[in-house]
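Notes to accompany the following structure.
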Amino acid sequence: MGSTLCPAPAAEILDDQVRFILSRNKLTTEEWKSVIRTAHGCGIRSTSTLMYGHVETPEHWVNQLLLASRNPERDLWI
């Protein structure tokens with residue numbers, strides 16, 4: 001029996017400029033979204049986190065929330 005949940009898979013913050021500063025060896029935002037879509041396509045649910053309090057600004061927080069709310073592919077935000 002395999003896992004049915006992919007908990008908070010390294011989202012941190014979905015802004016590539018900030019991601020490069022905080023975690024340059026991690027996936028880009030587009031790569032992250034692709035992984036999540038693939039997991040959901042396989043029936044694996046996911047969670048997402050928003051890490052804050054480092055180099056990002058409130059604008060970055062809002063952009064991530066807007067990305068979620070405007071995303072026509074709701075499968076990214078389960």
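Note that the structure is predicted; figures quoted are calculated from it, not measured. Heads up: numbering here begins at 1 and tracks the sequence.
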Flag the pair Met51 / Leu22 as yes when at least one side-chain heavy-atom distance between them is below 4.5 Å, and no otherwise. yes
Checking side chain to side chain contact (heavy atoms under 4.5 Å, CB included) for the pair Arg19/Thr29: CA distance, chi angles, key distance, verdict? CA-CA 8 Å; Arg19 289 178 72 76; Thr29 299; 3.7 Å; yes
Starting at CD1 of Ile44, measure out to CD1 of Ile36 and round the result to the nearest 0.5 Å. 9.5 Å
Is it the case that more than 12 heavy atoms not belonging to Glu31 sit under 6.0 Å from its CD atom? yes
Minimum heavy-atom separation for Trp32 and Leu14, please, with both atom names. CZ3-CD1, 3.7 Å
Test item: Thr57 side-chain N/O and Glu59 main-chain N/O as donor-acceptor pair under 3.5 Å: yes
Value for NZ (Lys26) from CZ (Phe20), rounded to nearest 0.5 Å, stands at 15.0 Å
First locate atom CG of Leu50, then atom CG of Leu65, and finally report the distance between them rounded to the nearest 0.5 Å. 6.5 Å
In one Ile/Leu/Val/Met/Phe/Trp/Tyr side-chain cluster, 4.5 Å: Val55, Ile13: yes
Can you name the residues that form a side-chain contact (heavy atoms from CB on, under 4.5 Å) with Tyr52, not counting sequence neighbours? Glu56, Trp61
Side-chain donor or acceptor of Thr38 paired with backbone N/O of Ser34 under 3.5 Å: yes
